[in-house]
Trainee: 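Below is a structure I'd like to ask you about.
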Amino acid sequence: MRIGAIEAGGTKFVCGVGDEHGNIVDRVSFPTERPEPTLERVIDYFRDKKVEAIGIGTFGPIDIDPSSPTYGHVTTTPKPGWSGFDFLGTMKRAFDVPFGWDTDVNAAAYGEAVWGAAKGLDSCVYYTFGTGVGVGIFAEGRLVHGLLHPEGGHVLTRRHPDDTYEGFCPYHGDCLEGMAAGPAIERRWGVKGSELPPDHPAWPMEAFYIGQALASTIVLLSPKKVILGGGVMHQKQLFPMIREEVKRNLNGYVAHDAILKGIDDYIVPPGLGDNAGLCGALALGLAALRVQS
Ligand SMILES: Nc1ncnc2c1ncn2[C@@H]1O[C@H](COP(=O)(O)OP(=O)(O)OP(=O)(O)O)[C@@H](O)[C@H]1O
Ligand SMILES: [Zn+2]
């Protein structure tokens, strides 16, 4: 079986072909430009690939309501040319196959539930801490949508008592994204996160923000696994700090062994590693094919 997968990011696009077991057999990647030239490269890539379906996990916000006249469009992004662009429609006009369509983080959550760290579970939450903060939610065996789609990067946070940084979110200032995405670290400390040593005070402060967001997510959604990905999470020393912050915030209230005894196996990096996004898109494509047939 050959399924197409598109991981559409704000900085780069990754396209690939995979099978029903989650194996990626071919992939390309190129920078995200304006929508028309970018999609031209995507369409060129898939032209001779003979895929039976295509899954798209994309940056957003996007319209995922099938009854909406703008279903399949990118909605309000500041990225030049993309606001209002009919992403899914452009792809459908080029390929007569079933399409899966969801946010990049919902796709990653789904991929992790099918093949990764949450394999076999009927719920998980996937966070990415990168240029922004995104949250994908898989609950009771399906991806969560709603009015639009979850935007858990913008939950409000309690400030760290020693933090004077104002936050960079243009809408909320010091929401989670404003305080904990990669650019917040860089602006707060004056250097990129990748250049800060593992014992720098940036990391306990980062864990403070991530830990409180996760504690809120755990009481709200009760996910069976919490998966943390994105560039910032390449700092592996964050994981134990975040787990401690979660325990401190919950303070014994969620009395489940997953948290009390097994938190190292509960808050984890993506099982699919840096393939989480592309495998997620692959899983969406596969699901679209199954719905149709
Ligand atoms: N090793 C690292 N340590 C700390 N921060 C890092 C590291 N690698 C990347 N980052 C930060 O992560 C951000 C980039 O995130 P990522 O690599 O996930 O790419 P992205 O796809 O552009 O992000 P997004 O998913 O939000 O669109 C930058 O702000 C960068 O400084
Ligand atoms: Zn915000």
Side-chain angles (χ1 to χ4, degrees), residues 6-15 27 29-33 38 56-62 74 76-80 82 87 102-109 111-112 126-136 148-159 165-207 209-210 212-213 216 227-239 241-242 269-270 272-281:
I6 303 171
E7 180 189 6
T11 21
K12 70 175 195 302
F13 262 60
V14 186
C15 299
R27 74 160 74 205
S29 149
F30 43 83
T32 308
E33 296 164 50
T38 308
I56 305 173
T58 177
F59 73 93
I62 57 173
V74 177
T76 55
T77 176
K79 265 198 91 57
W82 285 89
F87 188 159
D102 216 312
T103 61
D104 45 6
V105 276
N106 259 357
E112 288 290 324
Y126 182 97
Y127 272 83
T128 180
F129 292 90
T131 310
V133 178
V135 186
L148 302 168
H149 44 72
E151 284 283 7
H154 295 268
V155 295
L156 301 183
T157 55
R158 212 181 266 172
R159 298 180 69 87
Y165 175 59
E166 68 275 16
F168 78 95
C169 176
Y171 292 89
H172 319 111
D174 59 3
C175 67
L176 178 64
E177 179 169 297
M179 298 308 264
I185 300 173
E186 187 174 348
R187 290 177 206 190
R188 181 185 290 116
W189 302 101
V191 286
K192 279 188 186 308
S194 53
E195 287 160 25
L196 292 169
D199 59 353
H200 193 276
W203 305 120
M205 191 174 279
E206 181 72 7
Y209 288 110
I210 297 178
Q212 58 174 297
S216 298
I227 301 160
L228 309 180
V232 173
M233 294 313 302
H234 286 139
Q235 299 286 334
K236 292 297 174 215
Q237 74 280 10
L238 278 172
F239 278 90
M241 294 182 204
I242 290 167
L272 301 168
D274 289 333
N275 271 344
L278 196 61
C279 284

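Start at 1 and go down the list; that is how both ligands and their atoms are numbered.
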Trainee: Does the N or O separation between T131 and ligand 1 drop below 3.5 Å for any pair?
Mentor: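 Yes, since at least one N or O of T131 sits under 3.5 Å from an N or O of ligand 1.
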Trainee: Answer yes or no for atom 31 (O) of ligand 1: protein heavy atom present at a distance under 4.0 Å?
Mentor: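 No, there is no protein heavy atom closer to it than 4.0 Å.
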Trainee: At a 4.0 Å cut-off, with the gap strictly under it, does some heavy atom of Q235 reach an atom of ligand 1?
Mentor: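 Q235 counts as a contact of ligand 1 under the 4.0 Å cut-off.
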Trainee: Parallel, tilted or perpendicular, judged at 30° and 60°: which one describes the rings of F30 and F13?
Mentor: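 Because their plane-to-plane angle is under 30°, the rings of F30 and F13 count as parallel.
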Trainee: Please state which part of P183 comes within less than 4.0 Å of ligand 1, counting heavy atoms only: side chain, backbone, both or neither.
Mentor: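 Under 4.0 Å from ligand 1, P183 contributes backbone and side-chain atoms.
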Trainee: Considering only heavy atoms of G193, which atoms of ligand 1 have at least one such atom less than 4.0 Å away?
Mentor: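 So the atoms of ligand 1 that pass are 3 (N), 4 (C).
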Trainee: So which protein N/O/S atoms does the Zn ion (ligand 2) have within less than 2.8 Å?
Mentor: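 Short answer, with waters excluded from the count: H154 ND1, C169 SG, H172 ND1, C175 SG.
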Trainee: Under 4.0 Å from any heavy atom of G182, which atoms of ligand 1 are there?
Mentor: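 Listed by number with element, the hits are 29 (O).
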Trainee: What pairs of residues pass the side chain to side chain donor-acceptor pair (under 3.5 Å) test when at least one of them lies in residues 196-206, not counting sequence neighbours?
Mentor: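 Sorted pair list comes back empty.
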Trainee: Any idea which protein heavy atom is nearest atom 25 (O) of ligand 1, and the distance to it?
Mentor: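 Among all protein heavy atoms, the one nearest atom 25 (O) of ligand 1 is T128 OG1, 4.0 Å.
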Trainee: Purely on distance, is any nitrogen or oxygen of W203 under 3.5 Å from one on ligand 1?
Mentor: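 N/O-N/O distance below 3.5 Å does not exist for this pair.
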Trainee: Please state which option from G230, G9, G231 has its nearest heavy atom closest to atom 6 (C) of ligand 1.
Mentor: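 Comparing heavy atoms across G230, G9, G231, the nearest one to atom 6 (C) of ligand 1 lies in G231.
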Trainee: Please report whether ligand 1 has a polar contact with G132, defined as an N or O pair separated by less than 3.5 Å (distance criterion only).
Mentor: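 So ligand 1 has an N or O lying under 3.5 Å from an N or O of G132.
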Trainee: Is a side-chain N or O of E166 found less than 3.5 angstrom from the main chain of G173, in a donor-acceptor match?
Mentor: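 Judged by distance alone, no pair lies under 3.5 Å.
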